[in-house]
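A short write-up of the structure that comes next.
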Number of protein chains: 2
Amino acid sequence: MPFAEQTAPPTRREQILAAAAELFARHGFHGVGINDIGAAVGISGPALYRHFRSKDAVLGEMLTSISELLLAGAQSRVRDAVDPEESIRALIGWQVDFALANPALITVQERDLGNLADADRQRVRALQRRYVEVWVTTIRRSRPEVGEPAARAAAHALFGLINSTPHSAHLDRGQMTDLLAAMAYAAVHSLT
Amino acid sequence: MPFAEQTAPPTRREQILAAAAELFARHGFHGVGINDIGAAVGISGPALYRHFRSKDAVLGEMLTSISELLLAGAQSRVRDAVDPEESIRALIGWQVDFALANPALITVQERDLGNLADADRQRVRALQRRYVEVWVTTIRRSRPEVGEPAARAAAHALFGLINSTPHSAHLDRGQMTDLLAAMAYAAVHSLT
DNA sequence: CGAGGAAGTTAACGAACGCTAACCGCGGTA
DNA sequence: TACCGCGGTTAGCGTTCGTTAACTTCCTCG
């Protein structure tokens with residue numbers, strides 16, 4: 001098949017990041033050793049330092065890249081929407097898809113943000129602030145009577161709702177997508 | 001004043017549990033040392049072992065007691081409700097009040113469950129299962145057309161929504177209570 | 001008044017962990 | 001062919017951490 005898109009095999013860095021995400025999600029950053037991460041990708045211990053400057057750097061790259069990805073996705077979806085209502089639906093859909101596709105990353109992001117090195121934490125916090133801002137302005141565009149603090153609190157509540165994914169795998173993915181999106185959409189429309 | 005209800009001063013154990021909850025919430029179980037906990041209550045280091053068998057025991061008692069408290073509160077509120085609809089409102093109110101009153105405990109429970117000693121983890125898991133079950137049966141009583149797996153997923157989503165509290169302190173408590181309850185209630189009613 | 005236990009202290013041990021050092025095999029290129 | 005850098009290994013270092021030991025202080029009760 002001449003034109004088959006052959007997806008490039010994952011580089012070692014990517015393998016390590018994926019394995020570390022899974023481990024961090026299960027045991028927490030401080031609960032996982034460098035040896036555990038190495039073992040999870042078939043190398044052992046300090047070989048990790050051929051690919052990352054430190055253990056903190058693994059977490060740093062993990063969280064910055066997902067924050068950037070989330071923000072970029074949100075911005076592009078809002079840009080493509082034709083009215084505020086569709087923007088909200090698009091944002092919800094984006095967050096739901098992302099959370100269902102990357103439960104480990106979602107878990108780590110909200111659990112181990114405090115374990116980032118200072119510089120990384122500032123970067124991630126800034127990206128997250130901008131992500132929240134996209135939601136807040138979108139919500140307020142569609143419901144101008146909602147105050148900004150309320151919109152911000154509502155956005156966080158929606159993240160909590162949608163990111164609850166890792167704690168429940170009882171439905172298949174399609175049904176879960178529909179259920180979370182419907183609940184989130186209804187919750188937004190409850191705002192006064 | 002003869003009949004003044006003098007609230008008993010907190011015992012050392014309680015002080016330690018409260019301080020540890022705050023620290024665990026901020027830095028994670030493994031990110032907090034025995035010395036940090038001691039310092040937070042004005043004693044230093046190993047004095048902790050006069051009150052707890054181990055550091056794990058601190059987390060264990062913390063999470064079992066809140067799980068029991070949550071379950072008992074939910075059961076009593078459902079018992080006092082006259083119809084399924086009111087039961088749901090009561091459960092939502094209970095969880096919202098609890099989350100707003102104990103943000104640190106909420107954070108620790110969903111973050112450090114995996115760091116419990118095996119026996120404690122089993123106990124806490126069992127209590128949490130029963131708590132979820134109260135929600136699931138209540139939801140299904142009020143909306144019989146919702147399947148059990150969907151109800152379970154919805155319950156987890158509602159917990160995520162309501163427990164988002166620690167991540168946003170932008171509203172005063174009364175407004176936050178109303179906002180979360182309204183969003184949760186609307187989300188439940190979106191279930192098919 | 002004297003004994004004893006509850007609650008605290010500091011010192012020290014042993015294990016685990018992050019990281020570095022020193023060394024090795026191998027594939028590609030001058 | 002000789003070389004060199006990339007990615008891996010094991011050994012070991014320094015630190016931190018949970019826990020125990022040994023000792024002190026003080027309040028209470030017989």
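Letters go in sequence order (proteins before strands), and every chain restarts at 1.
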Contact under 4.0 Å: A/His51 side-chain N or O vs D/dC6 OP1/OP2: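 So the side-chain polar atoms of A/His51 never come under 4.0 Å of the phosphate oxygens OP1 or OP2 of D/dC6.
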Nearest-Å distance, [atom1] ([X]) to [atom2] ([N])?
{"X": "B/Leu48", "N": "D/dG18", "atom1": "CG", "atom2": "C1'", "value": "11 Å"}
{"X": "B/Asp36", "N": "D/dT16", "atom1": "CG", "atom2": "P", "value": "12 Å"}
{"X": "B/Ile37", "N": "D/dG18", "atom1": "CD1", "atom2": "C1'", "value": "11 Å"}
{"X": "B/Phe52", "N": "C/dA6", "atom1": "CZ", "atom2": "P", "value": "16 Å"}

5′-ward residue of the pair B/Pro46/B/Arg12 relative to DNA chain C: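 On the 5' side of the pair lies B/Arg12.
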Closest to side chain of B/Tyr49, choosing from D/dT9, D/dG18, C/dT10: D/dG18
Listed nucleotide nearest any side-chain atom of B/Lys55, set D/dA11, C/dG8, D/dT19: D/dT19
Between A/Gln95 and A/Asn163, a side-chain donor and acceptor under 3.5 Å: yes
A/Leu59/A/Asp120 under side chain to side chain contact (heavy atoms under 4.5 Å, CB included): CA gap, chis, key distance, verdict: CA-CA 9 Å; A/Leu59 184 64; A/Asp120 286 328; over 6 Å; no
Any side-chain heavy-atom pair of A/Arg173 and A/Gln175 under 4.5 Å: no
Residue list, salt bridge (Lys or Arg N to Asp or Glu O under 4.0 Å) with B/Glu133, at least two apart or on another chain: B/Arg152
B/His156 ring center near A/His170 ring center (under 6.0 Å): yes
Over-ring placement of A/Arg13 relative to A/Phe52, 6.0 Å and 45° cut-offs: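 Yes, a cation-pi geometry holds between A/Arg13 and A/Phe52.
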NZ or CZ of B/Lys55 within 45° of B/Tyr49 ring axis and under 6.0 Å: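 Not flagged: B/Lys55 not positioned over aromatic ring of B/Tyr49.
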For nucleotides 22-25 of chain C, give me every protein contact, N/O to N/O, under 3.5 Å, one pair per line with atom names.
| from | atom 1 | to | atom 2 | distance (Å) |
| --- | --- | --- | --- | --- |
| C/dA22 | N6 | A/Arg50 | NH2 | 3.3 |

Selection: residues 22-35 of chain A, any non-hydrogen atom under 4.0 Å of DNA chain C: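 Those residues are A/Val32, A/Gly33, A/Ile34.
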Trace of the side chain to side chain contact (heavy atoms under 4.5 Å, CB included) decision for B/Met183 with A/Leu191: CA-CA 7 Å; B/Met183 290 179 78; A/Leu191 300 177; 4.2 Å; yes
Heavy atoms of other groups near B/Arg123 CZ, more than 12 under 6.0 Å: no
